[in-house]
There are 4 protein chains.
Amino acid sequence: MNSTFRHVALIGKYQTPGNREATAASRSLMADIADFLQRRGCEVSLEHDTAHYTGLRDAYPVRTVQDIGRDCDLALVVGGDGTMLGSGRQLAHTGLPLIGINQGRVGFVTDIRLENYQATLAPMLAGEYTREFRSLIQTCVMRGEECVFEALALNDVVVNRGGTSGMVELRITIDGHFMANQRADGLIIATPTGSTAYAMSAGGPILHPSVAGWIMVPIAPHMLSNRPIVLPDSAVVEVTIVAGRDIAANFDMQSLASLQHGDRIVVRRSEHRSCFLHPQGWSYFDTLRQKLHWNEGGQ
Amino acid sequence: MNSTFRHVALIGKYQTPGNREATAASRSLMADIADFLQRRGCEVSLEHDTAHYTGLRDAYPVRTVQDIGRDCDLALVVGGDGTMLGSGRQLAHTGLPLIGINQGRVGFVTDIRLENYQATLAPMLAGEYTREFRSLIQTCVMRGEECVFEALALNDVVVNRGGTSGMVELRITIDGHFMANQRADGLIIATPTGSTAYAMSAGGPILHPSVAGWIMVPIAPHMLSNRPIVLPDSAVVEVTIVAGRDIAANFDMQSLASLQHGDRIVVRRSEHRSCFLHPQGWSYFDTLRQKLHWNEGGQ
Amino acid sequence: MNSTFRHVALIGKYQTPGNREATAASRSLMADIADFLQRRGCEVSLEHDTAHYTGLRDAYPVRTVQDIGRDCDLALVVGGDGTMLGSGRQLAHTGLPLIGINQGRVGFVTDIRLENYQATLAPMLAGEYTREFRSLIQTCVMRGEECVFEALALNDVVVNRGGTSGMVELRITIDGHFMANQRADGLIIATPTGSTAYAMSAGGPILHPSVAGWIMVPIAPHMLSNRPIVLPDSAVVEVTIVAGRDIAANFDMQSLASLQHGDRIVVRRSEHRSCFLHPQGWSYFDTLRQKLHWNEGGQ
Amino acid sequence: MNSTFRHVALIGKYQTPGNREATAASRSLMADIADFLQRRGCEVSLEHDTAHYTGLRDAYPVRTVQDIGRDCDLALVVGGDGTMLGSGRQLAHTGLPLIGINQGRVGFVTDIRLENYQATLAPMLAGEYTREFRSLIQTCVMRGEECVFEALALNDVVVNRGGTSGMVELRITIDGHFMANQRADGLIIATPTGSTAYAMSAGGPILHPSVAGWIMVPIAPHMLSNRPIVLPDSAVVEVTIVAGRDIAANFDMQSLASLQHGDRIVVRRSEHRSCFLHPQGWSYFDTLRQKLHWNEGGQ
């Protein structure tokens, strides 16, 4: 049965250069998957960095993530949740769908096990899949009237204190309405995707991916009544740095901005969403149950 | 300035009969408010029970809540959050807007202080108000193929163990997808309105009223990974009683169903919403800040 | 190598009568263990109920728990944590040491696996063991000047609301000092042993068994600042029922008292402690790590 | 009635230099208190820094904290909890008792209001007081076999990640027994005194000051089962830095150590305790109730 996706891009997990064994394993794995795709009639391109570290630069056409978004019908991400989220964020504006194959334990968004990827992928390539969209946060750091930093987050925006300083004080407004001045180690604004990551460690709830909201979770807040709050994702959240030292904002723990007093982190929903494909019959709750070890009979 | 609401119903807090002083105070207060409304050109009706316990049965036309929904343009609720939520639930299907005047400290939904109600109400009657909708949960308890109990909740649906028995075991499905078997003291499914009530005591987050979701919070769950989860309010949640003794379900802590093994509590969004009016410029965050004592400078 | 314990009592988990297979398995298991002990020179007695349901009444001397405390040097408990805690509570006043063999997964206090019990027990019988003491709570329910109920708890004392009623209100004093009036679903006072049971589900911390304290944890408290508190176990804690309906107190989820307004639950440390023996080199932290799945690499 | 304390030291809150009004107010206040003490027959000394910034260097004998510990019978600390804790830590080894007068709202350890300090102090000076001891943590940072940093903490020892880096990984042993490898933002080890400070923000319980234990609280731990744990204060806790960047340890948020991989933070109970005096009839629970707003009737 041939693929309904004509041109598939392969994206791998970035490996530390110099580890010959890991590189060889990645090369062999990528070649295997490419071969599997070609046998199903797909044209295969290799993502630029993936081609580079696997040494497969000459075996397949190589494309940057930008070109993948333009030229391909599907991206197959082989790695962990981090790789998948990075690719999802980079490709969101193109609408390209992604499938995640996990090399280790199944992740929250990479739900196809490497062991039996062929049996799972075959029907998906033939069009039998469930499509799921994940919303992203578009953030702008304003200094006065100027946007000094811009970033996109599929997991979360985190503002936190420096490692050697006391609490930050943040002033939060929602759509221009004053919400609160919070003193805490920091503040997390997470998407539903990010709700099972850092936000959960800080005491936040799980947000189902189809809830149109963000979860705002203070980190070790001074006041016990500063509870996590779920906000509509249509709202514009503005966080102003009132006090504290060495304050930084990070976005999916990737890009980073160093903040000054008076800086405003302005958070809104991105107009783009990441599109993930899952095997037919997939349920978000199966993933939750597995990742959180529900129903395993013990603590 | 005359009222844009032609016919206003007055609904009071139910008082324990026999307390002469409280009754006299209520009577005097209701007469005051009725007088204020009439001077603004409103026709005033008194809710049946309110008329009864205040002894004002002959002073104003008396209407049941059902008739109020049919005949009036506005309901003015004088009491606490409980009275307001009860009236909101009863009137939701009629679309009648409600205004809440609080006799004690300001509540989450009764945000007009009794002291200066005239100054606050006057512009609202003249049309200067903010309209806010609150979603409700429609619940049906299924025993086999039969619905043995039906209820509407503006705050929450709670399933819990008896006072002298061990944990309940509940099987939860969402839109037919198996989510988890949970062992706990019980389970709360709360609306955004209910998220600041019992659900918060059990560790749930705050849900902004415009988030289209429910928060599901286990009460003292056996497993630490059974975190609160926010579900889209478009989902049908089904909770099946698997094990436990003396299990009951309650709805806004008002109506109550005694449950058997195999009973299924089916939860969906009601097609109706309660409509609350607030003074112009009102913000949900002002209420939160006041009720949760944020920004008071101390713990 | 012979046992340093001359006379060992065997105590089993109570099985539902009528399950022939389970009964036969228990009989065979108990006979095996008894044989193992006799080969090491121990006299073996069977606990009365254990003898009854295994049908081994005529094979070994049978003793009640009371007689075991008087006549034996060691009790070998075969079952789960529940069986161990029950025996520990019953035997605390005698000072008899207990060893726990777990038939299923290892428990918090039954830390010897059934599979290789002989290899683990042999050195313990020869005197190579770690002795550990667990404190107990002695509770008296006072109605007026009369103690209407007395109980001993190795895990916890729990006061909670009925299944169909609202919050309880409890007045708490410590050594006669007023602490707080709490409104909640209930209140748990747990020993270090109980800190990893129900108290943990309600949000309490772990208490190391050698900490001379109780943890008091409110269940779904109305106020967010009603945090769990660790009290010295030398303190006398008094909990008075102020308001609520159908309130009950239970002790290790075994014995139960139905409470009235004005009843006072008076909690003090028992003068007796349970004595558990563990294999040499045993560490409480190994048990914690295993039971709480720390260091398993994932959530 | 004369004082049973012959020689009292006055210690003030450090003020930012240059604020003339604050300095003048402090000077006047200190002179008032000194006068009050002298009228009761006390010799009065001024702490060196306090004398300096109030400009009272020539009005009273000036002593360093070291000399105060040697020469005085009592230290009267005027400021907030921070000042009191700092003085308590510095004077612990001398056994000198401290009394705390709070200039703002009453604190956890500074429980005498400035307004009516004379009425409260008079009987205390005459010998009517309650003495309370607070334990301290003695910490040593080991790099290989060398102790590279030493500090004393009355509140807490905190190890945390840098502001721009991911989680730390810490290996924890208790009395040489391996407890766990934890990945988190950081780890707090707090005394009972510190249990109501940062540790509470991170989700820890309250520890009554007479509990001989520390509370160890992970900050935003990766695993939900990494609960706060109460350890006996007789234990030696060792925390080894396994992974992470820019990791720092701080002690009462005062002194600070920058840490490397392999560094071991060794925590043990100090042989000294701080001694605080309270008005007769004082109860720790009164302070808790006031600071945590228990029993104020609402959330």
Side-chain angles (χ1 to χ4, degrees), chain C residues 169 171-183 192 195-196 199-201 203-218 221-235 281-299, chain D residues 169 171-183 192 195-196 199-201 203-218 221-235 281-299:
Chain C
E169 184 176 342
R171 177 186 160 85
I172 301 162
T173 65
I174 313 291
D175 286 333
H177 290 287
F178 174 53
M179 175 177 151
N181 263 33
Q182 291 199 339
R183 285 187 297 150
S195 72
T196 52
M200 179 177 276
S201 291
I206 302 164
L207 254 70
H208 189 279
S210 65
V211 171
W214 313 133
I215 173 71
M216 183 189 276
V217 186
H222 180 62
M223 290 196 73
L224 296 171
S225 63
N226 275 353
R227 301 281 309 148
I229 180 168
V230 184
L231 299 167
D233 66 6
S234 57
W282 169 88
S283 155
Y284 175 69
F285 298 107
D286 296 341
T287 302
L288 272 190
R289 212 164 50 241
Q290 191 164 3
K291 294 295 293 177
L292 298 178
H293 304 285
W294 293 346
N295 300 336
E296 292 190 352
Q299 183 59 71
Chain D
E169 183 176 343
R171 177 186 160 85
I172 302 161
T173 65
I174 313 291
D175 286 333
H177 291 287
F178 174 53
M179 175 177 150
N181 262 35
Q182 291 199 339
R183 286 187 296 151
S195 72
T196 52
M200 180 178 275
S201 291
I206 302 163
L207 254 70
H208 189 279
S210 65
V211 170
W214 313 133
I215 172 72
M216 182 188 277
V217 186
H222 179 63
M223 289 196 72
L224 296 170
S225 62
N226 274 354
R227 302 282 307 147
I229 180 167
V230 183
L231 299 167
D233 67 7
S234 57
W282 169 89
S283 154
Y284 175 68
F285 298 107
D286 296 342
T287 302
L288 272 191
R289 212 163 51 240
Q290 191 164 1
K291 293 296 292 175
L292 298 178
H293 304 285
W294 293 346
N295 300 335
E296 290 190 353
Q299 183 60 73

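Letters A, B, ... are given to chains in the order of the sequence lines, protein chains preceding strands, and every chain is numbered from 1.
When all heavy atoms of D/Q182 and D/P218 are compared, the pair lying nearest together is OE1-CB, 3.6 Å.
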>> Quick one, C/I229 with C/M179, criterion side-chain contact (heavy atoms from CB on, under 4.5 Å). Give me CA distance, side-chain angles, the key distance, then yes/no.
In response: CA-CA 11 Å; C/I229 180 168; C/M179 175 177 151; 3.8 Å; yes
>> Determine whether D/I206 and D/L292 satisfy the following criterion, side-chain contact (heavy atoms from CB on, under 4.5 Å), listing intermediate values before the conclusion.
In response: CA-CA 11 Å; D/I206 302 163; D/L292 298 178; 3.8 Å; yes
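For the set D/I172, D/D233, D/V211, D/D175, the entry with the most heavy-atom pairs within less than 4.5 Å of chain C is D/V211.
Within the 4.5 Å cutoff, side-chain heavy atoms of C/P205 are placed close to those of C/L207.
In this structure, chain C has a heavy atom under 4.5 Å from the side chain of D/L288, while its backbone stays farther away. For a residue to count as touching a neighbouring chain, one of its non-hydrogen atoms must lie under 4.5 Å from one of that chain's; by this rule D/A180 touches chain C with backbone and side chain alike.
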